[in-house]
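Notes follow once the structure below has been shown.
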Amino acid sequence: MSKSKEPVLASVAAFLSKSHGFYIDGKHVEAQNENRLNIYNPADASVIASCGDATKEEVDSAVSSAWQVFTQKTWVNCLPVAKEKVLLKFADLVEAYAHELAQLLTLEQGKSVSMARDLEVSCAVQWMRYTAGLVTKHNGQYLNVSLPFPKGAQYQAWTTKNPIGVVAGIVPSNFPLLIGIWKVLPALAAGCSVVIKPAETTPLSMLRLAELATEAGIPNGVFNVITGKGQAAGEWLVTHPLINKVSFTGSTVTGKKIACLAATDLKQVVLELGGNNPAIVLKDSDPSLVVPGLLTSSFLNQGQVCAASSRIYIEAPLFDQIVAQFEQAIQSMSIGCGLDHQAQINPLSTANQQSVVQNHLTQVRKQGVEVITGPNTPSEGFYVSPALIINPDYHHLLNKEEVFGPVVNLIPVANESEALLLANDSDYGLCASVWTNQLDKAITYSNALQVGTVWVNSHGFIDPNMPFGGVKMSGIGQEFGANWLDAYSDTKSVCIKY
């Protein structure tokens with residue numbers, strides 16, 4: 001074994017060897033369906049475990065468990081300070097098992113174990129503690145009303161916040177633990193019960209998380225996990241009559257379908273969908289800051305980040321210099337498995353995603369567009385070498401669709417107006433960044449960009465206290481922030497005449 005390759009922990013090996021079913025009513029439940037779903041290590045395409053493929057009856061069992069404990073109000077009526085204490089203990093346990101969770105993430109998803117531990121698990125703990133703190137601050141509002149009848153009557157009015165019910169959370173494969181936490185924690189903090197369906201390729205970290213939830217003291221049935229295919233288990237979950245809200249992160253195509261399914265009985269939805277995110281580099285910016293910043297935001301997690309900088313519009317005077325620095329950077333990158341601490345580029349999460357990205361690159365080359373790639377990739381596993389697409393045609397799909405891989409478009413523009421026009425010319429509207437040293441331009445572009453989040457002189461950094469969500473085809477609703485629990489609550493108005 002390479003000295004830079006981290007050995008697998010004994011506890012992780014033991015967890016992988018288990019027969020993985022579902023987590024329902026506070027315990028593991030064996031899958032009844034004989035058809036199991038293999039879980040592959042993206043680094044070498046080997047099968048490391050398998051999980052259950054939930055039937056309609058098993059989905060119903062998980063939802064019924066969540067609904068029953070919600071109606072019994074075991075968790076709902078728990079004192080806010082007691083809820084907060086349990087959720088903080090939950091966060092402590094995730095932190096205590098950070099190394100174990102990080103290795104599970106690497107083995108099922110492919111990412112660097114260092115990033116899994118220091119970014120995904122660490123950020124998950126940060127979000128957990130922030131959300132736990134919202135429990136004791138989730139309040140209604142006193143209303144100063146002006147009802148004029150009958151003459152001489154007086155009124156007092158206020159609102160209360162009540163948990164919405166059972167929440168279905170559907171989690172993608174790029175950040176299985178962190179995005180799962182973004183579904184679980186606000187729901188629990190608001191007093192709801194949850195049923196989580198992780199991506200069929202990355203269920204392990206979520207199943208382990210459910211065990212830690214029970215250990216922390218979350219009542220049985222409040223946090224359930226089912227695994228299975230989206231077209232079956234996922235659709236049954238979304239359409240289940242006892243589900244009150246659906247929180248989905250994933251592709252725009254799937255998000256549209258979920259919105260239609262949920263609309264049948266008017267379930268509430270929050271959809272964090274795709275992005276093809278622009279970055280505008282103005283000629284007054286400093287390349288020594290721009291290039292490292294955009295390299296990170298473009299190639300973090302092999303580009304499998306909804307907020308990745310995908311279309312970089314560079315004013316002409318800086319274009320050649322920035323392209324040269326990008327080229328030098330990607331060609332010096334080390335490519336290897338996520339357990340290798342020296343590897344800077346790791347495999348994509350699935351063979352299918354590898355094929356999608358490779359097909360995009362093949363089409364670009366056929367059209368005669370210049371493509372600059374990094375080092376050769378290993379012969380096994382789901383690797384794609386980092387790639388720069390130099391000035392692709394305006395109408396090319398890479399400028400229109402989310403690629404979700406280590407691919408970035410570098411595009412010269414004549415002036416600031418052209419950059420803004422091209423940046424906004426997209427069906428997506430998740431996020432964008434502006435790189436400039438001029439305050440007036442920073443403010444002007446922040447106001448003009450048609451997206452949910454704009455960064456200036458950085459890209460992709462999020463915080464639990466900063467709301468995040470897209471516009472246009474990038475989603476519905478926002479997550480995070482001081483009012484996050486409102487999205488998991490019904491508001492009731494109370495008016496008393498005296």
Side-chain angles (χ1 to χ4, degrees), residues 25-26 65-96 123-144 156-169 178-196 209-225 242-247 268 270 463-468 477-496:
D25 201 30
S65 174
W67 177 253
Q68 184 175 11
V69 73
F70 179 76
T71 56
Q72 292 171 346
K73 298 188 180 299
T74 306
W75 180 247
V76 174
N77 288 342
C78 187
L79 291 175
V81 69
K83 276 198 194 82
E84 180 185 43
K85 184 177 181 180
V86 170
L87 295 179
L88 288 173
K89 183 178 179 181
F90 189 13
D92 290 343
L93 287 170
V94 171
E95 186 173 53
C123 285
V125 172
Q126 180 186 3
W127 256 268
M128 293 175 81
R129 288 175 175 151
Y130 175 87
T131 314
L134 296 178
V135 176
T136 54
K137 304 163 190 69
H138 189 215
N139 303 311
Q141 184 180 17
Y142 172 78
L143 306 175
N144 190 12
Q156 289 280 346
W158 61 87
T159 61
T160 61
K161 300 291 185 178
N162 304 298
I164 200 168
V166 179
V167 175
L178 181 58
I179 296 179
I181 289 293
W182 295 347
K183 312 297 181 194
V184 173
L185 260 291
L188 298 187
C192 301
S193 300
V194 294
V195 180
I196 298 294
L209 185 71
E211 292 180 342
L212 297 179
T214 299
E215 185 177 343
I218 292 171
N220 295 343
V222 172
F223 179 11
N224 307 275
V225 179
L242 297 182
I243 292 292
N244 303 101
K245 180 185 177 74
V246 179
S247 177
Q268 293 192 27
V270 58
D463 184 272
N465 201 41
M466 186 172 75
F468 183 79
Q478 290 192 320
E479 299 180 294
F480 319 154
N483 299 317
W484 196 6
L485 304 194
D486 287 353
Y488 293 83
S489 307
D490 288 323
T491 300
K492 178 184 292 185
S493 294
V494 179
C495 182
I496 297 180

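Small disclaimer: the values here were computed from a predicted structure and weren't measured. Quick note: numbers below take in every heavy atom, side chains included, and nothing from hydrogens, waters or symmetry partners. Positions are given from 1, in the same order as the sequence printed here.
- For the pair A66 and S193, the tightest heavy-atom approach, listed with the atom from each and the gap, is O-OG, 3.2 Å.
- Counting all heavy atoms, side chain and backbone alike, F90 lies closest to I218 at CD2-CD1, 3.7 Å.
- In terms of the salt bridge (Lys or Arg N to Asp or Glu O under 4.0 Å) criterion, residue partners of E95 (sequence neighbours excluded) are, by chain and number, R129.
- Interatomic distance, OH of Y130 versus CG of D463, reported as 8.0 Å (0.5 Å rounding).
- Across all their heavy atoms, A487 and K245 have their closest contact at O-NZ, 3.0 Å.
- Taking every heavy atom of both residues into account, L178 and C123 meet most closely at CD1-C, 3.9 Å.
- In this structure a side-chain-to-backbone donor-acceptor pair under 3.5 Å is missing from N244 to Q268.
- Between the CG atom of L485 and the SG atom of C192 there is a distance of 9.0 Å, given to the nearest 0.5 Å.
- Rounding to the nearest 0.5 Å gives a distance of 8.5 Å between CG of L93 and CE of M128.
- Every residue two or more places apart in sequence or in another chain that forms a side chain to side chain donor-acceptor pair (under 3.5 Å) with K183 is listed here: S247, T249.
- Under the 3.5 Å distance criterion, the side-chain polar atoms of N224 are left unmatched by any main-chain donor or acceptor of I196.
- Rounded to the nearest 0.5 angstrom, Q156 CD and C495 SG are separated by 9.0 Å.
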Side-chain donor-acceptor pairs of residues 157-166 under 3.5 Å, sequence neighbours excluded:
{"residue": "T159", "atom": "OG1", "partner": "Q141", "partner atom": "N", "Å": "2.8"}
{"residue": "T160", "atom": "OG1", "partner": "N162", "partner atom": "ND2", "Å": "3.4"}
{"residue": "K161", "atom": "NZ", "partner": "T491", "partner atom": "OG1", "Å": "2.8"}

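- Not counting sequence neighbours, the partners of F480 by the ring-ring contact (aromatic ring centres under 6.0 Å, His included) test are W127, W182, W484.
- At a threshold of 4.5 Å between non-hydrogen side-chain atoms, the residues L209 and F223 count as touching.
- Residues satisfying the side chain to side chain donor-acceptor pair (under 3.5 Å) test with D486, not counting sequence neighbours, are H138.
- In terms of heavy atoms, L188 sits closest to K83 at O-CD, 4.1 Å.
- For A482 against N465, the heavy-atom pair with the smallest separation is N-OD1, 4.1 Å.
- Residues passing the side chain to side chain donor-acceptor pair (under 3.5 Å) test with T131, sequence neighbours excluded: none.
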